[in-house]
Protein chains: 2
Amino acid sequence: MDHVEIFKALSNKTRLQILNWLKEPELNFPEQKQHAGFDHGVCVGQIQLKAGLTQSTVSEYLVILQRAGLVKSTRVGQWTYYQRNEEAFEILSQMIRAEI
Amino acid sequence: MDHVEIFKALSNKTRLQILNWLKEPELNFPEQKQHAGFDHGVCVGQIQLKAGLTQSTVSEYLVILQRAGLVKSTRVGQWTYYQRNEEAFEILSQMIRAEI
DNA sequence: AATGTATATCGGAAATTCCCGATATACCAA
DNA sequence: TTGGTATATCGGGAATTTCCGATATACATT
């Protein structure tokens, strides 16, 4: 786990917002409820709508978060669902308390 | 407290090292012991020697860490001593657990 | 006052990040 | 197979960060 890579992933307002939105998918992405549940997280299109940036930028941001280990992705049909990796935040919290 | 500013400050290998060195000044900066104690932290020159970067770069990095609230500085004579702001790390750890 | 030392600030070249539009890939439906 | 939708990747202009050398500022000593 590369500390610098994690902090870089967190050094962007939009990426922090995405992580925050993914804490409560039902609340922040109500539109997805009709098409799919939230079992595997939220699909890129929904996140893009809320972020107000282009599809390519949001897709790239999600890859950055995933490479840092902060989110996990699941492919279902033509959709990719992203969800938080809560374990990573717990480890990061401990790491800041003990290692940094 | 600006989250993005804090994470940007932590997104650099040298700055993470400096923060880590400042956890144990006696161990990491033994040379300073003769001239001054560690009551107010470690002076810029000592940190620069260990970092192996130029004086201007290290001074700038310390300002970045200070603006993020991660270190505190004390001016004594012609020296500026920097020490960790432990409270900030505790708050950051909690913030990652609860807010992010 | 003049000189020396410690730190801060300035100006800039190179590298990286931000965010875009265009295009490629993957899957689904008719 | 053809066309439509969802996501990923590519290429790049603009902004930011990295790190440097030069210079400015602050303090101490003589």
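Convention: sequence-line order gives letters A, B, ...; per-chain numbering from 1.
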Gap between atom CD1 of Ile18(A) and atom CD of Gln48(A) - 0.5 Å precision: 10.0 Å

Nearest-0.5 Å distance that lies between atom CG in Leu62(B) and atom OG1 in Thr57(B): 11.0 Å

Residue Asn12(A), side-chain heavy atoms: nucleotide from dT9(D), dC20(D), dC18(C) that is nearest: dC18(C)

5' precedence on DNA chain D between Thr14(B) and Ser56(A) (nearest-nucleotide basis): Ser56(A)

Gln55(B) CD to Glu60(B) CD distance, which is reported to the nearest 0.5 Å: 10.5 Å

First of Leu53(A) and Lys8(A) reached from the 5' end of DNA chain C, by closest nucleotide: Lys8(A)

Ser11(B) side-chain N/O to Phe7(A) backbone N/O, donor-acceptor pair under 3.5 Å: yes

Interatomic distance where CD belongs to Glu5(B) and P belongs to dT16(D) [whole Å]: 14 Å

Atom-to-atom span, CD of Glu60(B) to P of dA22(D) - whole angstrom: 17 Å

Length of the line joining Leu16(B):CG and dT18(D):P, which is rounded to integer Å: 11 Å

N or O in side chain of Thr54(B) less than 4.0 angstrom from dG21(D) OP1/OP2: no

Geometric class of the His40(A)/Tyr81(A) ring pair [parallel <30°, tilted 30-60°, perpendicular >60°]: tilted

Between P of dC19(C) and CD1 of Ile47(A), the distance in whole Å: 16 Å

Atom-pair distance (CD on Gln48(B); P on dT9(C)), nearest Å: 16 Å

Whole-Å gap separating P (dT16(C)) and CD1 (Ile64(A)): 14 Å

Shortest non-hydrogen contact between Gln46(A) and Phe29(A), atoms and distance: O-CE2, 3.8 Å

Heavy-atom donor-acceptor pair, Arg15(B) side chain to Ala9(B) backbone, under 3.5 Å: yes

N/O to N/O distances under 3.5 Å, protein versus nucleotides 4-7 of chain D:
unit_1	atom_1	unit_2	atom_2	d
dT5(D)	O2	Gln78(A)	OE1	2.8
dA6(D)	O3'	Gln78(A)	O	3.4
dT7(D)	OP1	Val44(A)	N	3.2
dT7(D)	OP1	Thr80(A)	N	3.4
dT7(D)	OP2	Gly45(A)	N	2.8
dT7(D)	O3'	Thr80(A)	OG1	3.1

Atom-to-atom span, NZ of Lys13(B) to P of dA15(C) - whole angstrom: 19 Å

